[in-house]
2 protein chains.
Amino acid sequence: MANPLGKRWYDDACGTALGLELVGERWALLIVRELMFGGRRFSELRAGLPGISANVLTQRLERMEAVGIVQRRKLPPPANVQVYELTPWGYEAEPAIQSLGRWAVRSPLHDPTLDLSPASIMMSFRTMYSAERVGTASETLGFRFGDEVFVVTVDGTELTVRRDEPDGCPVVVDTTPPMLAAVVYGDMPVEDAEATGQMTVTGDRDVLRRFASWFVLPEKAG
Amino acid sequence: MANPLGKRWYDDACGTALGLELVGERWALLIVRELMFGGRRFSELRAGLPGISANVLTQRLERMEAVGIVQRRKLPPPANVQVYELTPWGYEAEPAIQSLGRWAVRSPLHDPTLDLSPASIMMSFRTMYSAERVGTASETLGFRFGDEVFVVTVDGTELTVRRDEPDGCPVVVDTTPPMLAAVVYGDMPVEDAEATGQMTVTGDRDVLRRFASWFVLPEKAG
DNA sequence: CGGCATCCGGGAAGATACTG
DNA sequence: CAGTATCTTCCCGGATGCCG
């Protein structure tokens with residue numbers, strides 16, 4: 001057996017080579033990223049992947065379904081819509097996505113001011129937070145990017161992200177992903193972000209300030 | 001700034017997306033794998049990457065040099081040959097390569113009987129060895145695949161691989177990468193491998209048998 | 001032989017338009 | 001909204017050939 005899907009095949013027993021067969025096509029790994037916090041609809045995926053065209057997204061989803069990374073699920077009526085979600089093994093790709101990101105961020109070519117999706121910045125929190133800096137702290141924060149909502153829980157050893165209504169969190173941040181990145185990874189003070197009109201903080205701003213201190217971007221390489 | 005190199009650009013602040021720009025093209029990450037244990041010449045790279053064409057290899061090396069992953073070095077006369085090697089930051093891609101491989105190997109599509117390069121199996125040792133199984137053991141083994149030679153040192157917390165003449169090691173294994181994989185990851189006994197004529201063991205076979213017990217392939221998903 | 005340029009055929013990606 | 005159809009452009013792979 002060599003060539004179950006497609007024509008171009010590395011024909012290599014190396015796991016990395018197989019990984020590239022599975023998610024090495026353009027956009028594939030970013031689709032996995034978008035699915036990392038739960039099932040998404042076709043149009044939601046498109047929104048998180050600016051530049052992808054519908055036919056490519058269709059192809060990738062089909063292929064990743066065929067190889068067991070993605071499954072499609074039809075929500076019960078009356079919602080009756082279809083969502084794509086990761087299989088349990090698909091979710092296990094998270095460390096691979098994180099390692100690649102952690103390495104690439106050190107490139108001089110990395111431009112943190114570009115746009116990024118809500119799923120991207122949530123993933124970056126899971127990738128970049130420093131348990132050492134968190135210490136024994138324990139916090140819950142809500143984030144709202146338009147209609148994409150998240151609740152992030154930090155408890156010292158773990159940072160968890162789930163898509164959920166943030167009302168009731170001690171602090172809720174309503175903003176855009178790049179603005180949040182500027183506050184967490186850049187030097188932008190919370191009040192400056194609010195002054196731009198692109199961030200609204202409800203509740204205890206100090207929780208957000210502390211949160212921002214727990215993340216470090218690795219320094220650039222040579 | 002958006003598009004320093006090439007036309008297709010994700011334009012995404014996400015580190016993973018940048019990683020895909022850098023090493024997401026076909027063959028790129030496998031070239032990095034081949035360079036992981038030291039500089040290699042053009043033809044040596046081709047040998048480790050069956051199926052790559054010369055022009056694609058040239059393109060990838062050029063691009064990876066431009067983005068700071070690869071550097072070329074001219075050996076002093078009279079050798080006077082050029083080798084491609086990783087930059088220090090390039091070497092730091094190892095965890096990303098390993099994570100991807102560790103994840104992909106659990107796919108039902110993984111076929112461990114396919115061919116693989118010497119660098120691949122050495123990388124797999126670094127990826128798959130279980131410090132728990134090694135315990136307090138400490139061993140040195142030599143491997144010889146035609147003219148590619150390696151010395152592997154295991155000392156409980158660390159497994160190191162270097163390209164070096166294996167003479168003088170307590171055990172030296174002269175074989176092919178797939179045969180070695182069959183012994184280490186499959187169930188093939190050392191004496192069966194020798195009986196095929198594709199493996200010659202010089203020195204203490206028990207060292208090799210113990211070595212083989214330190215590696216576990218993760219079980220298949222779903 | 002090592003490295004790179006050039007040409008060609010096929011296939012994958014991107015853009016747009018269209019349909020259920 | 002969730003895709004399909006179509007067309008164009010670009011990339012990949014193979015072959016050849018040049019030049020050190």
Side-chain angles (χ1 to χ4, degrees), chain A residues 2-3 5-12 17 20-31 34-35 39-66 70-75 77-85 147-148, chain B residues 2-3 5-12 17 20-31 34-35 39-66 70-85 147:
Chain A
N3 209 329
L5 303 154
K7 313 269 169 76
R8 298 176 183 173
W9 204 256
Y10 291 119
D11 267 323
D12 195 323
L20 293 170
E21 308 284 11
L22 298 173
V23 295
E25 290 173 305
R26 199 165 164 77
W27 295 108
L29 204 56
L30 300 183
I31 296 172
E34 289 298 310
L35 293 175
R40 306 255 78 197
R41 305 170 52 164
F42 194 89
S43 59
E44 295 172 325
L45 288 171
R46 289 194 72 173
L49 300 165
I52 198 173
S53 56
N55 49 9
V56 170
L57 179 53
T58 301
Q59 272 176 238
R60 293 299 173 275
L61 289 169
E62 272 171 6
R63 184 182 168 98
M64 291 199 288
E65 189 181 6
V70 163
Q71 58 197 10
R72 67 182 79 194
R73 195 157 51 96
K74 192 144 208 155
L75 295 186
N80 212 28
V81 296
Q82 191 175 228
V83 299
Y84 297 88
E85 57 186 14
D147 53 359
E148 294 208 42
Chain B
N3 208 331
L5 302 153
K7 315 268 169 75
R8 297 178 183 172
W9 204 255
Y10 291 119
D11 268 323
D12 195 322
L20 293 170
E21 308 284 10
L22 298 173
V23 294
E25 289 174 304
R26 198 165 165 76
W27 296 107
L29 203 56
L30 300 183
I31 296 171
E34 289 297 311
L35 293 174
R40 307 255 78 197
R41 305 169 53 161
F42 193 88
S43 58
E44 295 172 324
L45 289 171
R46 289 195 72 174
L49 300 166
I52 197 173
S53 57
N55 50 8
V56 170
L57 179 53
T58 300
Q59 271 176 237
R60 294 298 174 275
L61 289 169
E62 271 172 5
R63 185 183 168 94
M64 292 199 288
E65 188 180 8
V70 163
Q71 58 197 12
R72 68 181 77 195
R73 194 156 52 95
K74 193 146 209 154
L75 296 186
N80 211 26
V81 295
Q82 192 173 225
V83 298
Y84 297 88
E85 57 186 13
D147 53 359

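We name chains A, B, ... by the order of the sequence lines, and we start the count at 1 in each one.
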(request) Would you check, one step at a time, whether the test side-chain contact (heavy atoms from CB on, under 4.5 Å) holds for L45(A) with L35(A)? (result) CA-CA 8 Å; L45(A) 288 171; L35(A) 293 175; 3.8 Å; yes

(request) Measure across A47(A) and P50(A) and return the closest heavy-atom pair with its distance rounded to 0.1 Å. (result) O-CD, 4.0 Å

(request) Specify the closest pair of heavy atoms between F42(A) and L61(A), including all atoms of both residues, with the distance to one decimal. (result) CD1-CD1, 4.1 Å

Pairs under 3.5 angstrom, nitrogen or oxygen only, protein versus nucleotides 18-20 of chain D, please.
none

Check the distance between [N]'s [atom2] and [X]'s [atom1] and give it to me in whole angstrom.
X: I31(A); N: dG3(D); atom1: CD1; atom2: C1'; answer: 14 Å
X: K74(A); N: dG3(D); atom1: NZ; atom2: P; answer: 9 Å
X: R40(B); N: dG2(C); atom1: CZ; atom2: P; answer: 12 Å

(message) Return a single string for nucleotides 4-14 of chain C, one symbol per nucleotide in 5' to 3' order, where B is base contact, S is sugar-phosphate-only contact and - is none, cutoff 4.0 angstrom on heavy atoms.
(response) SSB----S-SB

(request) Only counting residues at least two apart or in another chain, list the ones meeting salt bridge (charged side-chain N to carboxylate O under 4.0 Å, His left out) with R46(B). (result) none

(message) Using the salt bridge (charged side-chain N to carboxylate O under 4.0 Å, His left out) criterion, which residues pair with R72(A)? Sequence neighbours excluded.
(response) E65(A)

(request) Quick one: pull up OH in Y84(A) and CD in E62(A) and give me the separation to the nearest 0.5 Å. (result) 8.0 Å

(request) Would you give the length of the straight line joining atom CD of E148(A) to atom CD of E44(A), rounded to the nearest 0.5 angstrom? (result)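 So the CD of E148(A) and the CD of E44(A) are separated by 6.5 Å.
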
Name each donor-acceptor pair under 3.5 Å that joins a side chain in residues 21-31 of chain A to protein atoms two or more places apart or in another chain, with its distance.
{"unit_1": "E21(A)", "atom_1": "OE2", "unit_2": "Y10(A)", "atom_2": "N", "d": "2.4"}
{"unit_1": "E25(A)", "atom_1": "OE1", "unit_2": "R63(A)", "atom_2": "NE", "d": "3.3"}

(request) Run the salt-bridge test on E85(A) and R73(A) with the 4.0 Å N-O cut-off and return the result as yes or no. (result) yes

(request) State, to the nearest 10°, the angle formed by the axis through the first five base pairs of the helix from dC1(C)-dG20(D) to dG20(C)-dC1(D) and the axis through its last five. (result)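 End axes: 30° apart.
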
(request) Kindly say if S43(B) contacts the phosphate of dG2(C), meaning a side-chain N or O under 4.0 Å from OP1 or OP2. (result)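 True: S43(B) side-chain N/O within range (under 4.0 Å) of dG2(C) OP1/OP2.
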
